[in-house]
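One structure is given below, encoded as structure tokens.
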Amino acid sequence: MELTVNWYLALSAILFSIGVMGVLFRSNAIVILLSVELMLNAVNVSIIALAQMMADSTGHILVFFVLAVAAAEAAIGLSLVIALFRTKPTVDVNEFNLLKH
Amino acid sequence: MDLSQAYDAMLGDLAGAFPLVLLAVAGLVIVVWDAFRNNDPLLPYIAGGALAIGLVFEGSQLASEQTTLFYGNIRAGGFAAFINMVLLGGTLLSVVLSVPYLRQIKHAYGEVYALMLFATVGMMALATGNSLIMLFVGLETMSVCLYILVGLVRKDEGSIESAFKYFVLGAFATGFFLYGIALLYGATGTVYLHEMQSGFAQSGATTMFWAGVGLLLVGFFFKVSAVPFHMWTPDAYQGAPTTLTGYMSTTSKAAAFTALILVLYYALPPERWTTVLAVVAVLTMVAGNVLALAQDNVKRMLAYSSIAHGGYILVGLAAGTAAGYSGALYYLLIYSIMNIGAFGVIALLEWDGKIGREQTMESLSGIGTQRPFLGLAMAVFMFSLIGFPPFGGFFGKVAVFGPAIDAGLTWLAVIGLLASVASAGYYLRVVYVFSFKSADERPAEAPATGTGFNVPFSSLAVLSLCVVLLVVVGFIPGLRDVTTHYFIDMAVAAGTL
Amino acid sequence: MDALLVRLIILLPLAGAILTGLVPLFMPGLRKNESLISTIGTLAVAVPFGMVVYLFLTFDGNAFVATFYTWMAAGDLSVDFAYRIDQLSLIMGLVVLGVGTLIHVYSIGYMHGDDGFWKFFSYLNLFIFAMLNLILADNLVVLFLGWEGVGLCSFLLIGFWYTDLKNSAAANKAFIVNRIGDFAFLLAMFLLFRELGGLDFDTLLNGVDTLSSTTVTMAVLLLFLAATGKSAQIPLFVWLPDAMAGPTPVSALIHAATMVTSGLYLLARMSDMVLAAPGVMVLIAIVGALTALVAATIAITQTDIKRVLAYSTVSQLGFMFMAVGVGAFFVAIFHVVTHAFFKALLFLGSGSVIHGMHEVEHDLEHEGHDTSSFDAQDMRTMGNLKAYMPATHITFLIATLAIAGIPLLSGFFSKDEILFMAFQAGYNGMPVAYAVWAVGILTALLTAVYMTRAYVLTFRGEERWPEAPSIAPHESPLSMTLPLWTLAILAIVGGYIGLPGVIADGDWNWIHHYLAQDYGGPVADLADSAGFSLPLALKWLLIAIGGGVAILGVSLAWVAYDREGLAFDDRLRERLGPLYGVWEVKYRLDEVYDAALVNPIRDIMGQGFAKADASVVDGVVNGAARGAAAFGRVLGRIQTGVIQRYAVMMVLGVVIVMALILFV
Amino acid sequence: MIQQVLFLFLAVVAIGSALGAVLARSPINSALWMVVNLIAVAGLYITLNALFIGVLQVLVYAGAIMVPILFVIMLLNLGSMPAPSEIQWKHVVAFILGVALLTQLAFVLAIGLDALPEMSVSEEAVAASSAREIGKMLFTRYVLPFEIIAILLLAATIGAVMFAKRKFA
């Protein structure tokens, strides 16, 4: 069986779905952050596979930017977790429901 | 490609994208200045000055032809000038309103103004971007700055919580948005909006293309808080400092909607997505209004109402015609004025950062008789939000519902009209509580409401400007036409620019 | 020159509103300067009135359009700020500005000493401005602006004394009920624009022939629905009686003489199109007749003098819709004119009475009486006021006789013309018109009865307030009685502009000739009605019946109530039994609306309802709003504040969006 | 042949470590699984001949992002979350939705990719993914987004300082 770009895309879809499930299931704020990173990472696999298929460097540029964005989001997310932890010593997102209805 | 030649060409591009560059530089100046003289009261003036200069520049570009700069990454002139004016103007008004408010709640950090400028840079990149890369980068720059601004009042747990929710869900939505970009890139072989239709026709990867469109739409729906992607909106709006709520509820929505319009207009063949947009528009209008009716908290009520207004704009987009798109742009302009004004009034009725989160409607009983100007201004904003002529909101609604009917979506426009009839219920309640009730009727257990702090002249001027604009905006001859000619030739849109 | 005059006519009231409103808002020192404010406010209406009189006198029969500027020209749509001067708009302009001027003068006395004096004049000026936009507009868009503008002013003025909770509720109710009509108006506009590509009246009315009959029917139906909202017809009339919470001059100007007739004006303006939808016209006639009857029966049982007049207004508007339904548009306008005179007079008279009764209340309080249950508007506490308020008495009597249709007074001519037209429409092959005519005759009888009842209970008999006659009301000041006398004269002679067709073969029916299309005016005329096909004897008989029932009704009620006073109400209640009961509770319409719309919603939504704010809007509107709010609260439960629930909703959204885009 | 084997191996590792990251009770274990995943994905890039991005992945992701995350976990001294005592309805709903999403994506891949050519990394592709080519593109064609990304990172830094600092003035 020939190795085609579809394999990579399928793998990417699976990783992406695992990331989505992580956000939906885990109530630990840090694990949620990790799951979001996993989603971005999964998309990168797709982009690179497609870019290599088309021999186009645009995809690589896109992935480069995604990496930068992921880093920025990680920084913001972590600092927010620290700030949250100060208001209430937990990282369980279910505990933070002051604003509702 | 010779690099030195490339850089020569870029100098010209820099001049074309002058406001973008100016804001970025002004933001950097503020950051550096703030490092040496912490929270210098001069900082907002730098921000305001840069915004005003940018506004004037874009005004001069309004009549010029639309071009692209930086290798087709971004648009300038014409269409871009219009939306940039909305963004710059909205930011300018918000900055002026924020200065006394942030001082009052003791969070007048210099960084705030730098972040607002950076967010505006992101919005402009998003609203005028012509490649998916530009859209992604702009969207993220805007979002990251807004996450920070929402959580500005760190000592209040509600504020930090709202920032965290906004951040997590925003990052989650980014994942989908990015997946959409990846699939579109794969299906068309390009990231440039104007090349997508022809790229799609060449590759023939239909399913992949439409899946990409769907995921991309999801990302946009999140940013414009369309139902069911709206859940973050009331929480984030409620927790954010009030003037910044006004800022993010208007400019960020305007930028996201404009980008969505560009994508729909240039990149997508007009089929399939009409249903999606129509369904989401209905959900958004109904849920937004119904949820607003049930609200007692003023800020939350306005948050739901802004969701509903996103629904009205989606009606214009669902029409999928030039008139619909230009109507949506026109609506964005008017919506920005109304909402900045309404949140501005609410901000002036608070005296510390926490009160906005808890202030109920009843606790503001009779405030309009104690503060006649604020009462009058609020009444104008509310009537305009209802869509009541002769205020601007009415003309905005006509501009989006009319094209929908022309495009055969009469049922959608009828639902929209009914929804805006229903919205009178909660908007009038504000007018009623503010002006028709007396201060004695405030509930005893409500947080003690003063009469707010003394209104500085600058805030008065901004609110007056908003009121005057709303009264006259519908009557300015030709204003409605400005947006229409950007979308004249639908047929040649693809491939040419 | 004329175009300049039109500009001034439109803009002067606006300038007045700004001067009396915004300036005192920012300069509180001016607020108490009543003479300055009233002078500006009144002149801002009186001067345009003079200009309209000039235009009217020099009008040469050719309609002209004064364009201010082109407002939007987006794509196909081109809308100008244009105003049209023709026979119809001149007549309406004369009425609005004439009655408006008188009511401004009246308000100087009536509102004297009120804290919101300046606001009141500002709102009144603003109202006149909006009303002028409505009646002078050359296209539906500007007309709609005026239409909404008068709604806004109505809202502001009903809720004027906002310290009283009930008033605010009434204001909200009026506003929201009217939104339903406005919504129909907008749809009609969109529809017509899509079919005809323009919204100015020339385009609309010349294009009627090119439209399919379905389109015309839809458009006219929507316009009629809009008219039922503004002109308080079934099913949207519930707001008007509640609107009486506003100050009395407002009731006279807005809720009797001008704003509520704008629905009629709209249909008369679009008369060519209305004629092209015969099915809808039958509906209009039936709705008009039913409204007239229902409101008249309710009016018999009311004890609040302003509510009697309010139901009477609804009933008279029903008469006008009957006229429209049988294609006699000019008669509808004719009745608008005469009704403006006598109904404004009645309201101003009742205002004068209330003014006097407030004086009584004040004196009683001074004497140490408990006045918490004293109601200055309740006819049961009045009686024999003719002894204390002679001018008010005489003018009120004139108005009563005029509205009752006593021959040779204005109401007789216009009402008789409506009944005649209805009968003739039946004669010309519209069977339902006979029924309409019969209902009209019955209603005319009831009108004579309830108006005489109101007059007798108020002005004759004996004093029924405590401590009479040592404490007594006094006649109102000149600024109030002067408008009364002026209107009284108009109520007597106003009918002579439309003498019935039996005289000189209709040649002396001036208003018919002036307005109707066959004679050059803008209001369409049924083609076959020009022939006056009825035999002459039958025409005289109809007039005799019309005049007869009026005289009969007045004399019966006069004798009965003069002899027995309030006790006769009880006799009526006994005699009529359950029927009277139904009238007394206003057919339980508010309750029916509650039961049909509100309660089911409430039952479904379950809990949370009781907590809702009970004071926002009452009745139907309130219920619907609360139902929706309860629904919102249910929806709001999804908003749990927990991030993961939100994320689940988002993924649900993603799945739906993807499914829609991939598989639909 | 070797390529297929390598891909399958890396794919299994990536999926396994992703599951591990999502399912691990302790956040530390989650983070470590995540590192494994990121390195496996870097390996996948290398099987695609995208060397530059592969290196970047290890440097930026596994290095610069994961280290602070581990730092924070240890700073806050987070222990394991208690195992959920019972299955909640929201988990069922979430699971169904996740599966639905995956099905849709699978559908897209199954139906939509027929038109795409088979994988064969050409010389052109290797050239296009070189550091040289990417750098050139970054500083000419995509210089504007590149500069805006710089602003984004600056803003993120300010934000991180603002939130994490104990007292901010």
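From a predicted model like this one, the values you see are computed outputs, not experimental measurements. Just so it is clear: chains get the letters A, B, ... in the order the sequence lines come, proteins before strands, and each one is counted from 1.
Listed for the A:R86 side chain is a donor-acceptor partner under 3.5 Å among the backbone atoms of D:A164.
When all heavy atoms of A:L34 and D:M66 are compared, the pair lying nearest together is CD2-CE, 3.6 Å. Across every non-hydrogen atom of D:M137 and A:I61, the tightest pair is CB-CD1, 3.5 Å.
If you tally non-hydrogen atom pairs under 4.5 Å between each of D:A14, D:A106, D:G98, D:A18 and chain A, the highest count goes to D:A18. Contact count versus chain A (heavy atoms, under 4.5 Å) is highest, among D:V41, D:L75, D:L8, D:L101, for D:V41. If you tally non-hydrogen atom pairs under 4.5 Å between each of A:V81, A:T58, A:I32 and chain D, the highest count goes to A:T58. Considering only heavy-atom pairs separated by less than 4.5 Å from chain D, the leading option among A:V20, A:V63, A:L15, A:I82 is A:L15. Between chain A and the residues D:A21, D:A64, D:A24, D:A31, the most heavy-atom pairs under 4.5 angstrom are made by D:A24. Of the listed residues (D:I53, D:L56, D:L23), the greatest number of heavy-atom pairs within a distance under 4.5 Å of chain A belongs to D:I53. Considering only heavy-atom pairs separated by less than 4.5 Å from chain A, the leading option among D:F71, D:F52, D:Y45 is D:Y45. Here D:L76 is the residue among D:L76, D:L19, D:V93, D:V60 with the most heavy-atom pairs under 4.5 Å with chain A.
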List, one per line, each side-chain donor-acceptor pair under 3.5 Å for residues 144-161 of chain D, sequence neighbours excluded.
| residue | atom | partner | partner atom | Å |
| --- | --- | --- | --- | --- |
| D:T157 | OG1 | D:L153 | O | 2.6 |

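Two rings, from D:F7 and A:Y8, have their centers less than 6.0 Å apart.
Looking only at atom types and distance, the side chain of A:N44 has no donor-acceptor partner in the side chain of D:Q57 under 3.5 Å away.
In this structure, CE on A:M21 lies 5.0 Å from CZ on D:F95, to the nearest 0.5 angstrom. Expressed to the nearest 0.5 Å, how far CD1 of A:I14 lies from CG of D:L105 amounts to 10.5 Å.
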